[in-house]
Amino acid sequence: MNISTSSLANTVVVLDFETTGLSPNQGDRAIEIGAVKLENGQVVDQFQQLMNPGRRVSSFIEGYTGITNTMLSDAPSCEEVMTDFASFIGDANLVAHNASFDQRFLDAEFDRISHRYDGEFACSLLIARRLYQDAPNHKLGSLVTYKNIETDGVFHRALADSEMTAKLWLQMLEDMKTDFDIQSPSFKLMQQISKKTKAAVPTFLYRTGKGRA
DNA sequence: TGCCAGGCCCTCTTTAGGGCCTT
């Protein structure tokens, strides 16, 4: 493995979209993308950009995100922003909270610019449901409180949410070290966890930590 | 007019239904 490949293997981009609604299949578009790049557990870069979806957003979305039609009127197009974002992520693996949602919008927006990427997704929500089975719920904000993760108090903006998700991701890696003696949890291992039943995860992690997987 | 997401996951399940998550 050469140096660049080795570096890529340890690079993860944690991302979050703000959008006009819940479904690109129903015509919804991205209005903001935020992301942080992690290398070997350290934040090395970040990305945040509003984008103009070409139509007005609802008052619900204005209230939910704080992103107004006025703010979007001067923003570059989705196509411009997503072209820049494609360069930012490269082929790194990706993390998001409820990743199926962000993956749908990433794929839909990349389709519009005919861009393909090779990275794979891991879902912090699915992993948290398995690792933190005693949490009151698994909303991002609730998990941040549950794990005493420091925030700046901003929610539902793309960069702030991606930063919180990145901190949650690193916390989960740390907890796997302390609770299951897994010193360097790989991205693949995290994906494996998200696909196992909740009941099977503790035994799986115990055996992995003891090198018996 | 009325409807409108999609995937995961649990259970009073599997020939189903509904809550949880994301905006």
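Protein chains get the first letters and strands the later ones, always in sequence-line order, with residue 1 at the start of each. Here the structure is a predicted model, which is why all the values come from computation and not from measurement.
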Taking B/dC4 as the reference, what is the distance to B/dC10 when you measure between their C1' atoms (whole Å, please)?
26 Å
Sugar-phosphate, base or nothing in reach of A/Phe105, heavy atoms under 4.0 Å:
nothing
Report the distance from atom CZ of A/Arg104 to atom C1' of B/dG7, rounded to the nearest whole Å.
7 Å
With a 6.0 Å cut-off on the ring centroids, do A/Phe47 and A/Phe88 count as close?
yes
Expressed as a whole number of angstroms, how long is the span from A/Leu106:CG to B/dG6:P?
17 Å
Considering only atom P, compute the distance from B/dC12 to B/dG19 and round it to an integer number of Å.
14 Å
So, do A/Leu140 and A/Thr165 sit near enough that their side-chain heavy atoms are less than 4.5 Å apart?
yes
For B/dC21, does OP1 or OP2 lie under 4.0 Å from any side-chain N or O of A/His97?
no
Phosphate OP1/OP2 of B/dC21: any A/His138 side-chain N/O under 4.0 Å:
yes
Rounded to whole Å, CG of A/Asn98 lies from P of B/dC8 at a distance of 10 Å
A/Arg129 or A/Phe60, whichever maps to the more 5' nucleotide of DNA chain B
A/Arg129
Expressed in whole Å, how much space separates the C1' atoms belonging to B/dG18 and B/dT13?
12 Å
Could you tell me how far apart A/Asn25 (CG) and B/dT23 (C1') are, to the nearest whole angstrom?
15 Å
For A/Leu126, report the nucleic acid contact type (base, sugar-phosphate, nothing); a contact means any heavy atom under 4.0 Å.
sugar-phosphate
Interatomic distance where CZ belongs to A/Phe155 and P belongs to B/dT23 [whole Å]:
12 Å
Side chain of A/Ser23 - closest among B/dA5, B/dT23, B/dG6:
B/dA5
Rounded to whole Å, please give me the gap between CZ in A/Phe101 and P in B/dG7.
13 Å
A/Glu18, nearest nucleotide to its side chain (from B/dT23, B/dG6, B/dC10):
B/dT23
In terms of relative ring orientation, are A/Phe85 and A/Phe17 parallel, tilted or perpendicular, with 30° and 60° separating the classes?
perpendicular
Under the ring-ring contact (aromatic ring centres under 6.0 Å, His included) test, which residues partner A/Phe60, sequence neighbours left out?
A/Tyr64
Salt bridge (Lys or Arg N to Asp or Glu O under 4.0 Å) with A/Asp175: which residues, sequence neighbours excluded?
A/Lys147
Among the nucleotides B/dT22, B/dC4, B/dG7, whichever has the atom closest to the side chain of A/Ser100 is B/dG7
Taking the same atom, C1', in B/dG7 and in B/dT23, what whole-Å distance lies between them?
16 Å
Cluster overlap A/Leu170 with A/Leu125, hydrophobic side-chain contacts below 4.5 Å
no
Counting the atoms with a prime plus P, OP1 and OP2 as sugar-phosphate, which does A/Asp102 contact under 4.0 Å by heavy atoms, base, sugar-phosphate, or nothing?
nothing
Measure CG/A/Leu22 against C1'/B/dC3 and give the value in whole Å, please.
15 Å
What's A/Asp28 touching, base or sugar-phosphate or nothing? Going by heavy atoms closer than 4.0 Å.
nothing
Provide the distance between the two C1' atoms, one in B/dG2 and one in B/dT15, to the nearest whole Å.
29 Å
Rounded distance (Å) that lies between atom P of B/dG7 and atom CD of A/Gln26:
13 Å
Taking any heavy-atom pair under 4.0 Å as a contact, classify A/Thr65: base, sugar-phosphate, or nothing.
sugar-phosphate
